[in-house]
Amino acid sequence: MKCIQSVFKYLVLSAIALAMVASAGAQQLMQATAKVVRIKGEARYSTANNVWQKLKVGDQIPSGTLIQTAKDSRVDLVLGDKSASAPQRNWESTISYQPEVEQDFVRVYENSVMAVEKLLVADAGVEKIRETSLDLRAGKIFGTVKKLSAGSKYEVKVPNGVAGIRGTVFYISAEGNLNVIKGSVVIAYSEGSGNIVTQVTEAGQQ
């Protein structure tokens with residue numbers, strides 16, 4: 001009898017373990033892309049081969065791509081949605097109202113250099129787990145981020161720090177200037193002395 005109970009217990013534990021492995025596999029993060037939905041002026045991109053190419057509307061930008069905009073130019077990207085179209089909102093007037101966030105959207109302004117460092121997504125059922133990492137090396141970007149599910153992460157790196165973003169509308173420059181329009185951003189940066197300072201920036205603050 002004890003032997004049967006031990007075997008039964010073993011089978012139950014094995015089934016639970018297999019279910020957990022299957023669940024983890026179903027939520028495995030997969031590579032996503034950023035879609036170019038609008039361009040004003042001139043912009044180019046480079047991948048691991050270090051060859052620059054002209055950026056065009058409709059291009060799918062994978063992780064590891066570096067984007068550079070020219071003077072009086074800008075690029076609009078939607079992250080993680082291949083079928084996305086350009087947002088209809090007038091983002092230039094964002095300061096005057098509180099927009100509803102429908103897309104993970106990034107505008108790269110003129111004379112900017114930004115790397116799409118990481119774009120990963122996993123289907124976790126009702127919500128998707130997303131991991132996004134952008135590396136802003138020069139210039140300025142504007143972004144909107146949909147509400148993130150548990151386990152998701154969105155960060156923007158700048159030369160002297162990193163900003164962790166949660167369901168937010170924001171501007172950030174490579175110099176570390178941050179303006180939060182909606183939501184909040186946790187930014188960690190290095191002072192001249194080498195100390196790391198962490199600060200929460202709420203909507204309306206900069």
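All residue numbers in this chain count up from 1 along the given sequence. FYI, side chains are in, hydrogens and waters are out, and symmetry mates aren't considered; it's all heavy atoms of this structure.
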Show your working on side chain to side chain contact (heavy atoms under 4.5 Å, CB included) between Arg38 and Val78 and close with a plain yes or no. CA-CA 10 Å; Arg38 191 158 43 206; Val78 173; over 6 Å; no

Any donor and acceptor pair, going by atom type alone, linking the side chain of Thr168 with main-chain N or O of Val145 inside 3.5 Å? no

Going from CG on Leu178 to OG1 on Thr201, what distance comes out if it is rounded to the nearest 0.5 angstrom? 4.5 Å

Looking at CD of Gln68 and CG of Asn111, how far apart are the two atoms once the value is rounded to the nearest 0.5 Å? 8.5 Å

Any salt bridge between Asp104 and Lys146, counting N to O under 4.0 Å? no

Separation between OG of Ser190 and CG of Asn195, rounded to the nearest 0.5 Å: 7.5 Å

Sort out for me which residue in Val113, Val108, Ile172, Val106 forms a side chain to side chain contact (heavy atoms under 4.5 Å, CB included) with Leu136. Ile172

May I ask whether Val116 and Val57 are part of the same hydrophobic cluster, defined by side-chain heavy atoms of I, L, V, M, F, W, Y residues being less than 4.5 angstrom apart, directly or through others? yes

Taking 4.0 angstrom as the limit, do Lys157 and Glu117 come out as a salt bridge? yes

Test your reading of the model: is there a side-chain donor-acceptor pair from Glu110 to the backbone of Asp72, 3.5 Å cut-off? yes

What one should report as the nearest heavy-atom pair of Ser46 and Asn50 is OG-CA, 3.3 Å

Ignoring hydrogens and geometry, is there a side-chain-to-backbone donor-acceptor pair from Ser63 to Leu119 under 3.5 Å? yes

Any chance you could measure Ser152, atom OG, to Arg130, atom CZ, to the nearest 0.5 Å? 5.5 Å

Using the ring of each side chain (for Trp, its six-membered ring), is Phe142 parallel, tilted or perpendicular to Tyr171, with breaks at 30° and 60°? tilted

Identify the two heavy atoms, one from Ala174 and one from Val158, that lie closest to each other, and give their separation to 0.1 Å. O-CB, 3.8 Å

Of all the heavy-atom pairs spanning Leu77 and Val36, show the shortest one and how long it is. CD2-CG2, 3.6 Å

Kindly indicate whether the side chain of Ile141, heavy atoms from C-beta on, has any atom under 4.5 Å from the side chain of Val156. yes

Assess the residue pair Phe170 and Ile181 against the criterion (side chain to side chain contact (heavy atoms under 4.5 Å, CB included)); give the C-alpha distance rounded to whole Å, side-chain angles, the decisive distance to 0.1 Å, and a yes or no. CA-CA 5 Å; Phe170 67 95; Ile181 310 303; 6.0 Å; no

Does any non-hydrogen side-chain atom of Lys40 lie less than 4.5 Å from one of Ser73? no

What closest approach, in Å, do Ile196 and Ala188 show between heavy atoms, and which atom pair accounts for it? CG2-CB, 4.4 Å

So, taking the atom named CZ in Arg44 and the one named CG in Leu55, what distance separates them when rounded to the nearest 0.5 Å? 11.5 Å

Show your working on side chain to side chain contact (heavy atoms under 4.5 Å, CB included) between Val162 and Tyr189 and close with a plain yes or no. CA-CA 6 Å; Val162 60; Tyr189 59 93; over 6 Å; no

Is there side-chain contact between Thr33 and Ile61, with heavy atoms separated by less than 4.5 Å? no

Find the distance between CG (Leu120) and CD (Glu131) and round it off to the nearest 0.5 Å. 5.5 Å

Examine distances only and state if a side-chain atom of Thr69 and a backbone atom of Tyr109 form a donor-acceptor pair shorter than 3.5 Å. yes

So Met114 and Leu66, do their side chains get closer than 4.5 Å, heavy atoms only? no

Grab the two heavy atoms, one from Gly176 and one from Ile187, that are nearest each other, plus how far apart they are. O-CD1, 4.2 Å

What pair of heavy atoms forms the shortest contact from Leu79 to Ala34, and how long is it? CD2-CB, 3.5 Å

Apart from Val186 itself, its cluster of hydrophobic side chains linked below 4.5 Å comprises Val200

